[in-house]
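Here the structure is a predicted model, which means the values were calculated and not measured. Whatever order the structure lists ligands and atoms in, that order sets their numbers, starting from 1.
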Amino acid sequence: MSRKKIPKSKGTSAPSASVLPAANGPRAGRPRTARPGSEAPHNGPPQPGRPSLGGGGDFYDVAFKVMLVGDSGVGKTCLLVRFKDGAFLAGTFISTVGIDFRNKVLDVDGMKVKLQIWDTAGQERFRSVTHAYYRDAHALLLLYDVTNKASFDNIQDWLTEIQEYAQNDVVLMLLGNKVDSAQERVVKREDGEKLAKEYGLPFMETSAKMGLNVDLAFTAIAKELKQRSMKSPNELHFQLHDYIKREGRRASCCTP
Ligand SMILES: Nc1nc2c(ncn2[C@@H]2O[C@H](COP(=O)(O)OP(=O)(O)OP(=O)(O)O)[C@@H](O)[C@H]2O)c(=O)[nH]1
Ligand SMILES: [Mg+2]
């Protein structure tokens, strides 16, 4: 990938959320692998260019698509499983093939916000599959692994890719995962903060293993997207940076 610099902050206009009437029906099933280009199964993952957030039958007022991106092994799948099921996938690392998705409905200030979360494969060979999904994403969580310097160094390349394929107004957050592995840490918190500041990105350190800041990351995204979609002049403007600064916890404060 090239190492082109990108503009240092994203725009702030509202993404067009899918505002759908609350539905009643069965919950979405297990995540499955998308097959771009083929016909979407009923209630299955939407295909690139054919956005649909109506499947799954959850109760919700507004729905958004969130994508997890970053190098292979940084913990994208574990972050999603922690958020969705409150569990940690220990043991053998099973690399994601193509793309999976899961839905979760959050209560954000009295409104049901459905996040359809796309878990992408970090491996280079699946990159073209991932590209097709960027344009429909309302938000991106970009992860690196604090125990893997290369995954941090590659963030700039990911930002270049995001600039190329995602919407200009996509909500973007940088996450440094695996902070529970203090002994193996090679990327300092300050380095993550510095990079995030350089690009005007909200930033947090997380641990999918311990659950540190995982709910917070998704909740912050949901709040930001909801706020942008409401466009209510009476509502106080939600400040994503301030929110995660206030609510975010440091690794040192959390015991296993
Ligand atoms: N210590 C620690 N290990 C983690 C954490 N998150 C993930 N891991 C481990 O890191 C490895 C990779 O995790 P995955 O979530 O599968 O990584 P991924 O980013 O989805 O990788 P790809 O699917 O290949 O893109 C697994 O062995 C996980 O158990 C964490 O917060 N702390
Ligand atoms: Mg994965």
Side-chain angles (χ1 to χ4, degrees), residues 1 30-36 45 65-104 115-134 137 139-155 157-159 161-162 165-166 172-189 192 203-218 221 244 248-256:
M1 267 187 278
R30 284 157 31 83
R32 39 190 134 183
T33 302
R35 296 183 300 278
K65 293 180 186 175
V66 180
M67 245 172 97
L68 299 172
V69 290
D71 277 9
S72 178
V74 297
K76 299 179 294 297
T77 300
C78 287
L79 196 86
L80 178 52
V81 170
R82 166 62 73 185
F83 175 60
K84 171 74 180 158
D85 304 326
F88 177 63
L89 294 176
T92 323
F93 165 32
I94 302 171
S95 202
T96 302
V97 172
I99 269 191
D100 278 345
F101 85 105
R102 296 211 179 188
N103 294 326
K104 183 154 174 169
L115 296 183
Q116 184 177 81
I117 307 158
W118 291 82
D119 175 23
T120 68
Q123 287 181 40
E124 191 85 41
R125 66 195 168 109
F126 296 115
R127 222 40 72 77
S128 58
V129 178
T130 310
H131 290 165
Y133 289 84
Y134 272 113
L140 298 171
L141 289 177
L142 174 56
L143 279 77
Y144 65 87
D145 171 358
V146 301
T147 71
N148 178 345
K149 179 73 163 51
S151 73
F152 180 70
D153 293 340
N154 285 336
I155 288 296
D157 292 343
W158 281 105
L159 289 169
E161 186 161 308
I162 288 165
Y165 294 100
L172 183 55
M173 188 185 285
L174 180 67
L175 301 177
N177 191 39
K178 305 195 189 180
V179 288
D180 56 276
S181 301
Q183 304 289 323
E184 288 91 53
R185 186 198 268 267
V186 290
V187 182
K188 287 188 280 191
R189 181 189 176 90
F203 167 72
M204 263 188 308
E205 289 194 328
T206 57
S207 166
K209 185 173 182 177
M210 309 310 296
L212 180 75
N213 291 334
V214 176
D215 285 0
L216 178 61
F218 287 98
I221 289 287
I244 63 169
R249 295 193 304 156
R250 295 196 173 229
S252 57
C253 75
C254 308
T255 49

- Message: Between Thr77 and the Mg ion (ligand 2), is there a contact where an N/O/S atom of the residue lies under 2.8 Å from the metal?
- Response: yes

- Is the Lys NZ or Arg CZ of Lys104 less than 6.0 Å from the centre of Phe218's six-membered ring, within 45° of the axis? no

- Against heavy atoms of Ser181, which atoms of ligand 1 measure under 4.0 Å? 1 (N)

- Message: Return the CE to CG distance between Met204 and Asn177, rounded to the nearest 0.5 Å.
- Response: 11.0 Å

- Task: Report the C-alpha separation of Phe83 and Asp215 in whole Å, then their side-chain angles, then the decisive distance to 0.1 Å, and conclude whether the side chain to side chain contact (heavy atoms under 4.5 Å, CB included) test is met.
- Result: CA-CA 6 Å; Phe83 175 60; Asp215 285 0; 3.4 Å; yes

- Message: Taking 4.0 angstrom as the limit and counting only heavy atoms of Lys209, give me the atoms of ligand 1 inside it, by number and element.
- Response: 1 (N), 30 (C), 31 (O), 32 (N)

- Task: Determine yes or no for a side-chain-to-main-chain donor-acceptor pair under 3.5 angstrom, with Thr120 supplying the side chain and Ile99 the backbone.
- Result: no

- the protein heavy atom lying closest to atom 14 (P) of ligand 1 turns out to be Gly75 CA, 3.7 Å

- Check: Ser151 side chain, Asp71 main-chain N or O, donor-acceptor pair, under 3.5 Å: no

- Item | Which residue and heavy atom of the protein sit nearest atom 29 (O) of ligand 1, plus the separation | Leu89 O, 3.1 Å

- Atoms in ligand 1 with a heavy atom of Ala208 nearer than 4.0 Å: 6 (N), 30 (C), 31 (O)

- Query: So how far is it from Ile221 CD1 to Leu172 CG, rounded to the nearest 0.5 Å?
  - Reply: 8.0 Å

- Message: Using 2.8 Å as the threshold, say whether any N, O or S atom from Thr96 sits that close to the Mg ion (ligand 2).
- Response: yes

- Atom indices of ligand 1, in the order listed, that fall short of 4.0 Å to a heavy atom of Gly122: 22 (P), 25 (O)

- Would you call Leu80 and Phe101 a side-chain contact if the rule is heavy atoms closer than 4.5 Å? no

- Item | Identity and separation of the nearest protein heavy atom to atom 32 (N) of ligand 1 | Asp180 OD1, 2.7 Å

- Note on the structure: Closest to atom 16 (O) of ligand 1 (heavy atoms only, candidates Phe93, Tyr144, Phe88) is Phe93

- Task: Select the closest option to atom 4 (C) of ligand 1 among Gln123, Lys178, Arg82, judged by heavy-atom distance.
- Result: Lys178

- Query: Any side-chain heavy-atom pair from Leu140 and Tyr134 closer than 4.5 angstrom?
  - Reply: yes

- Query: Pick from Arg125, Glu124, Gln123: which one makes a side-chain contact (heavy atoms from CB on, under 4.5 Å) with Ser72?
  - Reply: Gln123

- Would you say Ala90 and ligand 1 have an N/O pair spaced under 3.5 Å apart? no

- For the residue pair Thr77 and Thr96, confirm or rule out a side-chain donor-acceptor distance under 3.5 Å. yes

- Task: Heavy-atom contacts with Thr96 under 4.0 Å: which atoms of ligand 1 show up? List them by number with element.
- Result: 22 (P), 23 (O), 24 (O)

- Task: Could you pull out, from Ser95, Cys78, Ser72, Ala182, the option with a heavy atom nearest to atom 15 (O) of ligand 1?
- Result: Cys78

- Item | atom 21 (O) of ligand 1 - nearest protein heavy atom and its distance | Gly73 N, 2.9 Å

- Which residue owns the protein heavy atom closest to atom 6 (N) of ligand 1, what's the atom, and how far is it? Asn177 ND2, 3.3 Å

- Message: When you compare ligand 1 with Leu79, is there at least one nitrogen or oxygen pair between them that comes in under 3.5 angstrom?
- Response: no

- Indicate yes or no for a side-chain donor-acceptor contact from Arg127 to the backbone of Gly122 under 3.5 Å, with no hydrogens or angles considered. yes

- Task: Find all atoms of ligand 1 within a distance of less than 4.0 Å from any non-hydrogen atom belonging to Ser207, and give their numbers and elements.
- Result: 31 (O)

